[in-house]
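FYI, side chains are in, hydrogens and waters are out, and symmetry mates aren't considered; it's all heavy atoms of this structure. Note that the coordinates shown come from a computational prediction; the quantities given were computed from them, not determined experimentally.
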Amino acid sequence: MDNISIARLLDETASLLEIDSADPFRIRSYRRAAEAVEQQTTQLSTIADDPKALLAIPGIGKGMAANIVFLLTTGTMPLREELLQKYKPTMLDLLRLPGMGPKTVALVWSACQVCDIDGLEAAAKAGHLTKLPRMGEKFVIKLLKGIEDHRKNSSRFRIDKAQQHADTIINLIRAFPGIDEIIPAGSLRRGRETVGDLDLLATGPACEPDVVSAAVEHVASLPLIDKLIAKGQNKVSFTLRNNLQVDVRLLPGASYGAALQYFTGSKMHNVALRQRAIKRGLTLSEYALLRLEDNVIVAAASEADIYNALDLDYIPPELRENGGELEAAATHNLPQLITLADIRGDLHMHTEATDGRDTIRQMAEAALLRGLNYIAITDHSKNLAMTNGLDDTRALAHIKRIREVDAQLQQDLVALNESLARDTPPTNSRISNLWDLLKTSSSRPDHNIADPSQASSSRPEAAHFAAAAERPPHFADATTRPPLTLPLTFRILPGIEVDILADGALDLDDSTLAQMDIVVASVHSHFNQAADEMTARVLRALENPHVRILGHPTGRKVLGREPYAINIDTILKQAAKLGVAVEHNASPARADLNDLHLRLAKKHNCKIVINTDAHATEELDQMRYGITQLRRAWLSPADILNTQPTAEALLKNLRPKP
DNA sequence: GCCGTTTTCGGCCCGACTGTTTTCAGTCG
């Protein structure tokens, strides 16, 4: 059993305990253990013989270690079995519905014997639920809507989850000798926010027709396959335990480009492209672009060949939605799309001072190693009590601390740059860690990023940094990290994420905000306000001259909450007029502005920033998903403010401080 | 159930909102 499965079972047990009204702290310890297991870079199955190794993981004590050993040896554990005597595993689905918490799940089970979504829907429609305590008409309406949304979304996977699964499978398939390239096609390659299934296309000597059967067998026997759906001559289809369907195609090099083009889609883009081919006396299929009259192959080995043969510039996958990209490609008017390497700063992140995990210095070093030149630390303000939000006094103390850490870092960078120039290890212990990470990553240019097990557990950053290495030639990757340029420069800007209260006021004093370089104002509560109230509230917040960035402007969450009711058009216009930048939240869970919003922002000449809202160092990597969404909105580096090379240049482009 | 220390047990983020009540439980972030 792998770590992911262990983590899932521990997390499920926590949910079952919740339904069972167990001690909340016991429940939390199961959740924490699940998270800890998930984050381990070594497989627990390889270290479970050593009792000390498990206990060394924070969050794993004697009891949890025993649970893990049980899971590894028997596939289950006593507590889980005991709970499954009382409850059904399908109840865990009910917990994902809005308004359905553990207590309500337990209630409908004891009162109506309802344990799954279909049953709950039937009970709701039959009017059985309104007889129960605390459940009225409104609740039922919300619930039925929630069930509908859940059904619509649950068959799709968020892009980052899909990418993780793709990376894992790609590594397993690459292990087979003679496979040179394997690339995800389909909506994952186009960078859609959610992905229905994975299409993986492999090529190399082992994929040539006379020998491909051995590679097909290898793929069909991958350990992570839950159900094998089909195994053909050069195609294998299967599902994973989470029901994600994966189609792997093994293709000869000669037709790889045609296949990649065909399976990347979108469907409408392909239809338009084939029509264009026919007009030119050609025919396009997944095997090749052929001349109709004599079936001579015009192009097939690479996508660029195919587009060029159709008198088109190469069209990046993100634009292939039949949204004007063919016309633009025909007239050489495709935009120069933004890439991850263009982003020089990240202006929204949290630290341990509130609900983040890492320190100011750790966030700064992690950003530095990712090629950024500046960050802003923007912890929460007091109204978000659950995050330990900062009141005025603490906020002022915090930015003093940020300035101190920045000053220290400036000194350290001087020493580090000297060491790098002379190529001699530094004597300063504060920078020896940074030195090691820089040296580790640059000395391993062939490091393969997608294999997390290769990452040293004590130095996760090294693997992150090496991510920029080796990409297959067919993979025009916009999310490659930029190489570091010497001398290293870096600035930490003091900031805050203030809360916009129900009436549009901010929850900290102007005198406090005046001390901040970056003030991000965000809505965190009262989502139930009517659209005009919500719009007025945000407009009022924008009037505060200290506000420089409007944080997560729509409150949208991918596969989660719908955006709150707001007149985004009005907001964007006003933000543009006042010079307040709007934030695109790069986190794949809450890509706040969808591509439509982003185009609207550009149309209104809005300043746009892209931030990760990271709560831990590794979340800085989520920037790549945000970049993908910007590309889908046809945005260029010039459209985004934090492509500015330095903190000074960035600040000059933000709304001037009063 | 974990952790840390005060070595044997107490603390572990908590406030706001919702729909239902008529004073609050449950959910959410």
Same-atom distance (C1') from B/dT5 to B/dG11, integer angstrom: 12 Å
Between A/Arg134 and A/Phe139, is any pair of side-chain heavy atoms under 4.5 Å apart? no
Give a yes or no on this: more than 12 heavy atoms of other residues, nucleotides or ligands lie within 6.0 Å of atom OH of A/Tyr87. yes
Quote, to the nearest angstrom, the P distance that separates B/dC14 from B/dT21. 30 Å
Integer-rounded Å distance: B/dG26 C1' and A/Ile27 CD1: 14 Å
Pick the C1' atom in B/dT18 and in B/dT23, then give their distance to the nearest Å. 15 Å
Do the side chain of A/His165 and the main chain of A/Ala162 share a donor and acceptor less than 3.5 angstrom apart? no
For the C1' atoms, the ones on B/dT8 and on B/dC3, what distance do you get once it is rounded to whole angstrom? 13 Å
Across the strands shown, which category fits A/Pro24 at heavy-atom distances under 4.0 angstrom: base, sugar-phosphate, nothing? nothing
Testing A/Asp391, A/Asp392, A/Thr393 one by one against A/Thr512 for a side-chain hydrogen bond (donor to acceptor under 3.5 Å, both in side chains), which residue passes? A/Asp392
Taking atom C1' in both B/dC28 and B/dT22, compute the distance separating them and give it to the nearest angstrom. 24 Å
Could you measure between the two P atoms, the one in B/dT6 and the one in B/dC12, and give it in whole Å? 16 Å
Quick check: do A/Ile549 and A/Val582 have side-chain heavy atoms less than 4.5 Å from each other? no
Length of the line joining A/Arg31:CZ and B/dC28:C1', which is rounded to integer Å: 13 Å
Sequence-aligned protein contact record of nucleotides 14-20 of chain B, with B where the base is within under 4.0 Å of a protein heavy atom and S where only the sugar-phosphate is: BS-SS-S
Any side-chain donor-acceptor pair under 3.5 Å between A/Glu81 and A/Thr76? yes
How far, in whole Å, is B/dC13 from B/dC9 if one measures between their P atoms? 22 Å
Tell me whether A/Arg599 at atom CZ has more than 12 heavy atoms from other residues, nucleotides or ligands lying less than 6.0 Å away. yes
Neighbour count above 12 (heavy atom, 6.0 Å) for A/Gln113 CD: yes
Under 3.5 Å, is there a donor-acceptor pair linking the side chains of A/His350 and A/His348? yes
Got a list of protein N/O to nucleotides 1-3 of chain B N/O distances below 3.5 Å?
| from | atom 1 | to | atom 2 | distance (Å) |
| --- | --- | --- | --- | --- |
| B/dG1 | OP1 | A/Arg26 | NE | 3.2 |
| B/dG1 | OP1 | A/Arg26 | NH2 | 2.4 |
| B/dG1 | OP1 | A/Tyr30 | OH | 2.9 |
| B/dG1 | OP2 | A/Arg26 | NE | 3.2 |
| B/dG1 | OP2 | A/Arg26 | NH2 | 3.1 |
| B/dG1 | O4' | A/Ser29 | OG | 3.0 |
| B/dG1 | O6 | A/Asp23 | OD2 | 3.3 |
| B/dC2 | OP1 | A/Gly61 | N | 2.8 |
| B/dC2 | OP1 | A/Gly61 | O | 3.2 |
| B/dC2 | OP1 | A/Gly63 | N | 3.4 |
| B/dC2 | OP1 | A/Met64 | N | 2.7 |
| B/dC2 | OP2 | A/Gly63 | N | 3.3 |
| B/dC3 | OP1 | A/Gly59 | N | 2.8 |

For B/dT8, give its Watson-Crick or G-U wobble partner with both distances under 3.5 Å, or none. none
Work out how far the C1' atom of B/dT20 is from that of B/dG26, and round it to whole angstrom. 11 Å
